[in-house]
Amino acid sequence: MDIAQLVVSAAMPGERTAVTVAPPVAERDQRYPLRGREQIVEELLQLCAGRSDGRVHVLHGISGSGKTAIALELVHRLSRTGPRRVWWVDARHAATFVAGMRVVARHTGLDEDDVGEAAADALWERLNASTRPWLLIVDNAEDLTVLNGPGRLAAGTGWLRPHACADGMVVVATRYGVARWWGGAAVLHPVGPLPPDDAAQVLLDHAGKHAGTVQAAKALGVRLGGLPLALSMAGAYLAEANTMPEALREAGMPLDFTTYHQVLNKHGSSLNPARVIAHAWQMSIELLHQMGFAHAGRLLTVLAAFGEAPIPYTLLLRPAKVSAVLPGLGDLDGTTLWRTLRELAALGLMDPLDVSATNGGLPCVRLHPLIRDIARAETTTAVTLIEQALRLDEVRLPPENPKSWSAWAALTPHALDLLQHAGDDQPQLSVSQRAVCAEAAELASRYLQTQGLFAQARRGFERVLNIRSEVLGPDHVETVTTRHNLASILHDLGALHDAEPLRLQVWNSLDRICGAEHHETLIARHELGRLLHDMGRLDGAEDHLRCVYQARLRTGGQQDSNTLAARHELARVLHDRGDLEAARQEYQALLMLRLEQLGEDHPSTATTRHNHACVLHDLGLMQQAHDECRRVLDSRTRLYGFCHPKTLATAHLLATVLRALSRSTEALQMLQQVCDSARQLLGADHPQTRRYTRALAAFAQGSPDEEE
């Protein structure tokens, strides 16, 4: 490895700058291995092994992402493969960069006279003709105009150019990953966040195992956005804190990953590494402004107002709505928004995410957590945009409607995040803004309920109930509605005795406020009847459901969906009373109507078919029950996936039917899968989980029927 430190002419006449082009190898600390970058290092090594593609390889990512560390690792590994010229040029300042490139030119054999106005051309002639392996690394290339030199970087006429040497390699470390800035001869290598496992290992490398468990390190690593600089800073802090004499420690000083995580979440915490990258972030925004992207800074603060989840910008950033309600974005149109988002992503300030089921199948972006910490100033912007999103046609659909699930899959994390800012202890939001937060979170909780995420939904409903009680009063219709939803989730969780007083309170309140035959009152009474049925109190259940059914007939007719729902619950009562043939006839009639009105894969159709299968099982018609179960299981798996309470209920019933058909191996496999999924989804103490576990333990004795 050639090392040089020469005094050469700098960019300005008369100035002379001392520079070194030796790699800073001492910055690579062997105590802390490079984590999570093996693939990119290996790719670069392969190109250095006599198979160079002649292109400029650009490592780009936000400050602290470890670009320099990758370059150092590359140098270290190449040092063990044989002689090679390696030049490391710092590009932070124009004078030192130009001086460094002139040193490289001298190393290639150019004399003082050649290192003049045409130094760049002469340098690349020598490098193209070189028979000796070489590696040129340009670090800290944050002002790309410096790289233009006498020509233009993107045109291949600047200080950095494509080359024809099979043993040569050019690597640049920069924040900027916009392809057009580099030209077609560049290969962009994004240096993104470390995966959670690697991030945890970096923390453990620096802090030591005494700082906590791998799981705690992983959680802290996610909070720090997988940024290597932030991880090493946090780990080093904890290592130092644990070696400090106890008498010198400040009160509340974190000593492990968990407490550091807690302190980090406090606004304004001095431990937040975001302050280290704040200057670089601001420089990136200023660059975009200079390039004509006038909305970049404002748009980033808008995105930072949302939670840490992927941000569905096609729902939350509709240009017409954004320009109408947010100051400073009045002239924002779709093209400008799209181009600005792309530029922000190219600078590593956010990540565009693939369209996937995780994001509801919608295009999303995700801000780096530390960028959010820097840019997040308030939450009122998020409330304003959530309110606008609630008016969109695809969001106004009830969360129980499968057509709304894509939108709510993406919006739910942000709606629930706003709950943290809507309480009395968060005075920055007005009463009307808190009401918006409550509305969005209630809809999100209803979506979670449809997905079988009952514990999360319960927490959401409880928090919304507190807010609505504070803002609207305990007897307001919307507060009563939330109480109804909380009772519903308690019912789903199997906490029937906790749900009963809420059901009664809701029914009585709506009866008083709206009248006995008001739609909402009848819904409340219908649900009270369902609850009493599931508690085994069939007489009370039938009384309530019969009254609801008669009222629905009067107001909606025989084929109204609410009439059919009440009729369905009365069929369940018939079933549990042992009048199986009457129940079967009711289910068959209801199923025909559901199929005609809603189709096969509607949740209500699946529920009716499931209960029809139950009564067929109890009548001993096992093959018919089996066929019905298969249809329901297919429908529910398409609707919810296998790991959902409703799907598991059908799978359990199918296992029971399979055993009755002497297909014991299939039945046992199905029941084992049901038990495992129920423990994962509902927890070991949920009534349904206990029921499935008992059935598995006593498999030889059969399983009780299951009805919804």
Side-chain angles (χ1 to χ4, degrees), residues 306-318 353-366 385-419 437-461 464 481-482 485 488-489 491-493 561 565 594-595 597-610 631-651 677 680-682 708:
F306 291 100
E308 294 186 10
I311 301 168
Y313 57 87
T314 57
L315 293 179
L316 293 170
L317 299 180
R318 295 282 174 95
L353 301 180
D354 293 335
V355 175
S356 69
T358 305
N359 309 322
L362 297 174
C364 293
V365 295
R366 187 198 297 273
L385 294 178
I386 284 281
E387 183 178 16
Q388 297 297 314
L390 293 179
R391 299 172 184 171
L392 298 174
D393 289 342
E394 59 266 48
V395 181
R396 290 173 61 192
L397 293 170
E400 294 77 19
N401 187 328
K403 292 181 180 178
S404 76
W405 289 355
S406 290
W408 279 109
L411 289 175
T412 288
H414 300 290
L416 295 179
D417 178 71
L418 291 180
L419 282 180
C437 293
E439 179 187 3
E442 181 168 62
L443 291 166
S445 299
R446 285 168 56 187
Y447 166 74
L448 291 173
Q449 185 175 12
T450 69
Q451 303 305 302
L453 302 172
F454 297 153
Q456 295 179 42
R458 176 181 182 173
R459 290 193 293 271
F461 286 134
V464 172
T481 299
T482 305
N485 290 330
S488 176
I489 205 68
H491 190 164
D492 288 339
L493 284 164
S561 61
R594 295 293 197 199
L595 286 168
Q597 293 180 357
L598 305 173
E600 183 68 58
D601 282 344
H602 191 278
S604 296
T605 306
T607 296
T608 303
R609 195 182 287 282
H610 173 99
R631 291 191 187 97
V632 182
L633 188 60
D634 289 345
S635 292
R636 285 184 161 172
T637 302
R638 285 192 294 270
L639 277 168
Y640 311 114
F642 187 83
C643 196
H644 184 280
K646 290 184 179 296
T647 314
L648 296 179
T650 299
S677 297
Q680 174 187 339
L681 178 67
L682 303 172
E708 296 179 25

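Sequence positions, counted from 1, serve as the residue numbers for this chain. A quick note: this is a predicted structure, and the numbers were derived from the prediction, not measured. Side-chain atoms are counted along with the backbone in the values below, which use heavy atoms only and exclude waters and symmetry mates.
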Once rounded to the nearest 0.5 Å, what's the spacing between atom [atom1] of [X] and atom [atom2] of [Y]?
| X | Y | atom1 | atom2 | result |
| --- | --- | --- | --- | --- |
| Leu315 | Leu385 | CG | CG | 11.5 Å |
| Ile489 | Phe461 | CD1 | CZ | 6.0 Å |
| Leu443 | Leu416 | CG | CG | 10.5 Å |
| Leu316 | His414 | CG | NE2 | 6.5 Å |
| Gln451 | Leu681 | CD | CG | 11.0 Å |
| Lys403 | Asp393 | NZ | CG | 12.5 Å |

Look only at the side chain of [X] and the backbone of [Y], and say whether a donor-acceptor pair between them is shorter than 3.5 Å.
| X | Y | value |
| --- | --- | --- |
| Thr647 | Gly641 | yes |
| Thr650 | Leu633 | no |
| Thr450 | Tyr447 | yes |
| Arg636 | Lys646 | yes |
| Thr608 | Ser604 | yes |
| Ser635 | Arg631 | yes |

* To do: State whether the number of non-hydrogen atoms from other residues, nucleotides or ligands found under 6.0 Å of Arg638 atom CZ is greater than 12.
  => yes
Which heavy atom of [X] sits nearest to which heavy atom of [Y], and what is that distance?
| X | Y | value |
| --- | --- | --- |
| Arg446 | Asn485 | CD-ND2, 4.1 Å |
| Pro312 | Leu411 | CG-CD2, 4.1 Å |
| Thr314 | Pro363 | CG2-CG, 3.4 Å |
| Gly599 | Thr605 | O-OG1, 2.8 Å |

Self-check item: Leu682 and Phe454: CA distance, side-chain angles, deciding distance, side-chain contact (heavy atoms from CB on, under 4.5 Å) verdict
Solution: CA-CA 8 Å; Leu682 303 172; Phe454 297 153; 4.0 Å; yes
Note to self: Run Leu639 and His644 through side-chain contact (heavy atoms from CB on, under 4.5 Å) and show every step you take.
What the structure shows: CA-CA 10 Å; Leu639 277 168; His644 184 280; over 6 Å; no
Query raised in the report: Does some side-chain heavy atom of Glu400 sit less than 4.5 Å from a side-chain heavy atom of Pro603?
Result: no
Inset, instruction - Answer whether the closest heavy-atom distance between the side chains of Trp408 and Val395 falls below 4.5 Å. - result: yes
| query | Does the side chain of Ser561 come under 3.5 Å of the side chain of Arg594 through a donor N or O and an acceptor N or O? | reply | no
Point to revise | Pair Arg609-Glu600, salt bridge (charged side-chain N to carboxylate O under 4.0 Å, His left out): steps then yes or no | key: CA-CA 9 Å; Arg609 195 182 287 282; Glu600 183 68 58; 3.0 Å; yes
